[in-house]
Every structure is written in structure tokens, then in C-alpha cells.
Amino acid sequence: MDLFSEIENPEREELIALRTELEEQNYKYYVLNAPTMSDQEFDMKMHRLQDLEKRYPDLDDPKSPTHHVGSDLSKQSGFATIIHRYPMLSLANTYSREEVVDWLNKLPSNAEICCELKYDGLSISLWYENGQLTHAVTRGDGTKGDDVINNIKTIPSVPWTIDIKDNIELRGEVLLPWSHFERLNKEREEQEEPLFANPRNAASGTLKLQDAREVARRGLTTYLYYMLGDNLPSDNHFDRLQTAKAWGFPVSDAVRVCHGIDEVMAFINYWDTERKNLPVATDGIVLKVNNIHEQEELGYTAKTPRWAIAYKFQAERQLTTLRKITYQVGRTGVVTPVANLEPIQLSGTIVQRATLHNEDFIRELGIQEGDSVWVEKGGEIIPKIVAKESDSPQDGLSAKRSFSDSGLSAEGGLFQFINTCPECGTPLVRVEGEAAWRCPNDAMCPPQIKGKIEHFVSRKAMNIDGLGEETIDLFFAQGLIRNIADLYDLKAEDIAKQERLGDKSAQNILAGIEASKQVPWERVLFALGIRMVGETTAKKIARAFPSIDELQWATKEQLTAIEDVGDQIADNIIAYFNDIRNLEIVHRLQQAGVTFIGTAPTAGLSGTQLQGKSIVISGTFAFHSRDEYKEMIEAYGGKNSGSVSKKTSFILAGENMGPEKRKKAEQLGVELITEQQFLDMLNH
């Protein structure tokens, strides 16, 4: 083969392209928690890359994704980085039972196999030293991970102390149960925030939050599946798990020791069906050689142990007909296309509808009304269309078609997205850089008006009892309300004469409206429904601007100086207060007695003890949150800084301080102040 043909070899080009694509997907999966490729598609491409690298050994590269696990490390995470005592490897996996049999046949004769469920969550390593939980480390890049101990401590089933003095390590999966996943996505849908694709992404995103209280509210759980240490009980894996369970650790009951291929396959067959009744997500079965000495003899590859393999279940999918595409308008005007399907049964439920997300998604799949489409449940719960019948996935692989493959284009084609609002007829707009079309008629479009009112009265906002979706629909139809301020003009006689209501209901609703006048400023700000200003962001904005009078005159520079407030959110806030209709509504709410002035968290705190000092905060604290310490620093004249430099006066150092900050402080001679020393400095 001549040089030119070698360079032009399409398989070599495919190898390079696959490396780039898989690294990008690793980043989206582990860091962004927003994968754009199914697990099965990723695994198929990884196997293809492995085959190509065997064929072309001269292209071997230690940086290839075949040589390392994906990394969930993030420079902006705010967590301390911990080096694993033992490498945290991934597992070889397969979707083929024949490959499982091949793996079993390569093991020592009569080897016992410990069969376990493969829980679909985020890997975690719990370190116990002298009976105390000291670290909780994510997989990271396999050699080092983020220490998320404060968040792990919010999981009730994880013991903080154990009656064992030897140093041990327990590894497992952090999970978000289906019920909590549904609740969380419902909350995000109500705020028109992006939904989590599956419980795994939700668990991963939750575990990396800085607010442990929010982590606790979301309701994570965990199952542990491996024990490491120097003086461990028993010489087999199964008995160690049973010991861990006896010590109080959360270990699944679905663990069995199997002998031979028939018992292993019986275990797989049973859980392929029964897993659908579990409260948490699973995506396969993990098979491990039970004897620890045999594990050690079999050893490891650079990326995986040879003594274990994961068999992954096929996603359940059905072929059905796309009857019609309809459109829904949300409270912020986003127009979402919905697929109305010929009813089918998937994972025990009847599926008739599936979201189509946006115009680009429909064009990418190349679908239109009347097509036969493949539908599967993403994460076993959210129905989604994955392909047309003509794109029937090979070996269960979810195929996605490009614009050119489908014969459609962004400029035109068989499918045409609507160009006017289906509710009010207003021409739709599409903001540059956004995938969604919007109805800009937020003041007159019925779903937007009712959606804003529903948001305003919701539990996390004004919490007005008795005003559900049906009641708001009724009041809107009768002309009693046209915006949120109208709620405070409702009369008892107008409410009582409505269908299904009466004097008692009228009294309850008016009592709820009256009570809402005491709702604090940060929740009122959230209730106003400014685009992209969610519950947490509203609290941060309310801290920075303790009254609406100050907020409405805020500049973009002042707004973007607030944590988590970027250009888009700042622009949305400014646009809200530039609309005379919104100002009129706010004025009416003020006249009604709604609270638009807050009490600053640092009320009563002031002084000059920190005047002129630049202070860096690092680690976790016992008495106050990081945000509260930042407010104290400012209240006492200091300045918060995110990085250590020669200008740093000192570091407020908590538990698990970041090693990079500690190293930089030592190099520059910057003093470390403990939490108690800091409080003593302020005379607290």
C-alpha cells in the first residue's frame, strides 16, 4: 500500500473521528449531565473504536477513550479533589448473552459468580477511618475524584459512623428513585427548565450541587456493591457484602451466588422483567467472580477488571404510527410540538403521546404525520421517538438521521413547523441561539396568562390554597382574572356563585390570598415569573437587591455580578421592568399589600473588622453556609475573592479545603483562618 492510500484509508479516518466524538460524549455525560447519545449507541461506537485500534496498532494513543474512564471532574465544581486509594475503573460491558457465555467459559473451572443488579446512578466511594466517614469521592477520572461528603451525608441510609476501627472503603451507586425523579422533572417543567433525561443525570447533577439543603430535598438514595481495605472479613465478595449489610450499610437484597451458565442466565431472565417493578433505575446485571483470590489472579486491563462484566438490557421499544403533531404553549410562550401516537404498551403503561421537543428535533429524525416510528422509554419512564421505521435501529441501536439523510432541511421540506401561535394567532419568533419558537404575545395569549397565574399561586411561590388549574381556568373563562394582580380584587360573591364553588370555597380562597401578602420578598420575586429566574436564583437576586424599587433600576453590570446571573437572565430582568404592563401589575400588587421589601440576611451585622481585606473561602463549614460567610465578609467591610493571590489577606478554611488553594497559600505565605477563628474575629 502506498503512502497516499494509507493516509486516505477511511477506517483510519473513522478511528480518529470516533475518538473525538466519544471524548465529547464523555464530557456531556459526566460533566454536563446532558448526554446527546444513548448508552447503547455510545457502547457500540466504543466497541467499534476498540476493534479499529486492534487493527491499526500504529495509531495507539494512551489518551484514547478506550484507555481511560470518562471523567466527572470539573474545575469549577468547588469540591476538594481526592486521589483514590485504589483506581476506580469502569466495567467491560455487552448487550449479547453469547458474549456473557464466552466470558464465563474463560474463567477458572467451577468459579462462583456473584450476580448483582447494575444500578444506573453515579459511582461513589465512601471512606471510613477509625469508624468515621471521612470522604465521599466520585469516580472522577478513575484516579482522582471530587469529595462530596456533605452532600452524601444528606442520604439517610449512609451511616456517618460505624463500630469498626479498621480503615475500609465501600463503593456503590448514588441514585434518584423514580418517584423523586418524576417530582423533580414536574417542578422543572412547571418552570420551563430543561428536564433531566433520566434519573442518572438527575442524581449526578444533584450530587454536585453546592447547597446541601437542596440535595437533601431531592431525596437521593444509594446501594453499595464492593468493599476494599486491608483487614477485611471473608475471602469472597458475597460474604463481604452481607457483612457490610450487617454493619448497617445499604446493600441490595438482589444479590445471588450462581454456579454455571444456567443459573446465571436464570438470574438475568428474572430481572429483565422484574426490574420494571423496582423503585430505582437499573440497566443491566453485573457478574463478578466471587472468590477474591481468583479476582486477584485474573487482574485488570488498563480500564476494566477481567474478573467482572456487565450485561446491559436492551431498551424496550415498539413500532407505532404518528397520528398527528399538535402544539402546546407554555407560560413563557415556548411552543412545544407533541406527537400523538397510535396507543402502544411500553414497560407496563399505555403510551399515546411523546414530546418532540422542538423543530430541529423533528427535522433531525425526518418524521412527519402518518409515519411509522420507533418509540422507547428513555430511562424506562419518559416516552420518546427514536427513529422512523425506515431507520429501524440495527442491534437495538437508536439511529438519528441528519438533515441531508432525511431529505429535509432547516429551510424547508416535507415537515413545516407552525408559524403562528395555535392559541392566539400571533406570529411566532425564534431568538437567535435558541431551539424553541415562542409566542411573543405574553399579555394576551390565554395559556401564557393562565400559566403565569398558576405559577404565581404555586406552593413555592405565593402558596395560595384553593386556586388550582381548574379554578384558574374557570375564573379566566368568566373574566374574573386576566393577570396576577386581579387575584387581589376578587370578591367573595363572585367566587361563591361559580360552578362547583360556594361560600366556604370563597372564604378559603380569599383567606389564602390574604395570607400571601406575608410571603417574603424572595418568593414574591420568584412568583413574578420573570424568564429564567428560578427559585434559587430569585433568592440570590433578592439578597443583592432587598426591594423591588432597587431591583427595577438595576444595571446589567450590577445584575451579572450576582452569582449564577448571566447575560440572558440579566436581559430578561431588565426587559421585564421595561414593560409598562408589568410595572402596572407590580404597582397594583404593592397597593394590595404584597411584600416587595426583604430583610437582608446580614441585618444587624455590620462593622469594620474586615475593612480593606481580600478574603478567599474554601471548604465546608459547620456553623454557616458559604453564602452566609460571603455576606458576613461584605457586611464587615471585606471583599470576597475566588482565587488566591499576593493580595489575599487570608483564607477562611473549612473542612476538605481545596488542595490547589492550600498549595497556593503555602507558596505565597497566605494565612489560613479556621471557622472559629473567623467568628472570634467578628466577636460572634
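All of these numbers come straight from a predicted model, not from anything done at the bench.
Salt bridge E369/R323: absent, no basic N to carboxylate O contact under 4.0 Å. Note on D253 versus K245: salt bridge recorded, some NZ/NE/NH1/NH2 to OD/OE distance being below 4.0 Å. Salt-bridge formation is detected for the pair E53/R19: a Lys NZ or Arg NE/NH1/NH2 atom is positioned less than 4.0 Å from an Asp or Glu carboxylate oxygen. Between E296 and R306 no salt bridge is recorded (no basic side-chain N to carboxylate O distance below 4.0 Å). The pair E116-K118 fails the salt-bridge criterion, with no side-chain N (NZ, NE, NH1 or NH2) lying under 4.0 Å from an Asp/Glu carboxylate O.
When all heavy atoms of L176 and F181 are compared, the pair lying nearest together is CD2-CA, 3.7 Å. Here the shortest heavy-atom pairing between A254 and W271 reads CB-CZ2, 3.4 Å. Shortest non-hydrogen contact noted between L91 and A308 is CD2-CB, 3.6 Å. Across all non-hydrogen atoms, the minimal contact from G145 to H84 is N-NE2, 3.9 Å. Nearest approach of T154 to N151, heavy atoms of both residues: OG1-O, 2.6 Å. Taking each heavy atom of L133 and L126 in turn, the nearest pair found is CD1-CB, 4.1 Å.
Tested against I113 for a side chain to side chain contact (heavy atoms under 4.5 Å, CB included), the candidates I261, N290, L287 yield a single pass: L287.
Here the side chain of N105 pairs a donor or acceptor atom with the backbone of V101 at under 3.5 angstrom. A donor-acceptor contact shorter than 3.5 Å is absent between the side chain of S204 and the backbone of R200.
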Check against side-chain contact (heavy atoms from CB on, under 4.5 Å), V338 and T355: CA-CA 5 Å; V338 177; T355 180; 5.6 Å; no

Check the pair E263 / R256 against salt bridge (charged side-chain N to carboxylate O under 4.0 Å, His left out), numbers first and verdict last. CA-CA 10 Å; E263 289 188 16; R256 294 288 183 273; over 6 Å; no

Full working for side chain to side chain donor-acceptor pair (under 3.5 Å) between Y119 and S252: CA-CA 10 Å; Y119 292 105; S252 170; 2.8 Å; yes

Stepwise side-chain contact (heavy atoms from CB on, under 4.5 Å) check, I124 with I152: CA-CA 9 Å; I124 197 71; I152 284 294; 3.9 Å; yes

Determine, step by step, whether R183 and E187 satisfy the salt bridge (charged side-chain N to carboxylate O under 4.0 Å, His left out) criterion, reporting the C-alpha distance in whole Å, the side-chain angles of both residues, the deciding distance to 0.1 Å, and the verdict. CA-CA 6 Å; R183 171 179 56 81; E187 292 172 359; 3.5 Å; yes

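At a threshold of 4.5 Å between non-hydrogen side-chain atoms, the residues K144 and I82 do not count as touching. Using a 4.5 Å cut-off on side-chain heavy atoms (C-beta onward), V280 and W178 make no contact.
With ring centers used as reference points, Y223 lies 6.0 Å or more from F249. A distance of 6.0 Å or more separates the ring centres of Y86 and W127.
Separating the CD1 atom in I292 from the CE atom in M227 is a distance of 10.0 Å, to the nearest 0.5 Å. Distance check: W374 CH2 to Q318 CD gives 8.0 Å after rounding to the nearest 0.5 Å.
Applying the salt bridge (charged side-chain N to carboxylate O under 4.0 Å, His left out) test to residues at least two apart or on different chains, the pairs with a partner in residues 91-100 are R97-D272.
When the shell of 6.0 Å around NZ of K165 is examined, it contains more than 12 heavy atoms from other residues, nucleotides or ligands. Shown here is N277, whose CG atom has more than 12 heavy atoms of other residues, nucleotides or ligands within 6.0 Å.
Checked by atom type, the side-chain pair H237/R240 shows no donor-acceptor distance below 3.5 Å. For the residue pair E342 and T320, no side-chain donor N or O sits within less than 3.5 Å of a side-chain acceptor on the partner.
Cation-pi geometry between K153 and W160 is satisfied (NZ or CZ under 6.0 Å from the ring centre, within 45° of the ring normal).
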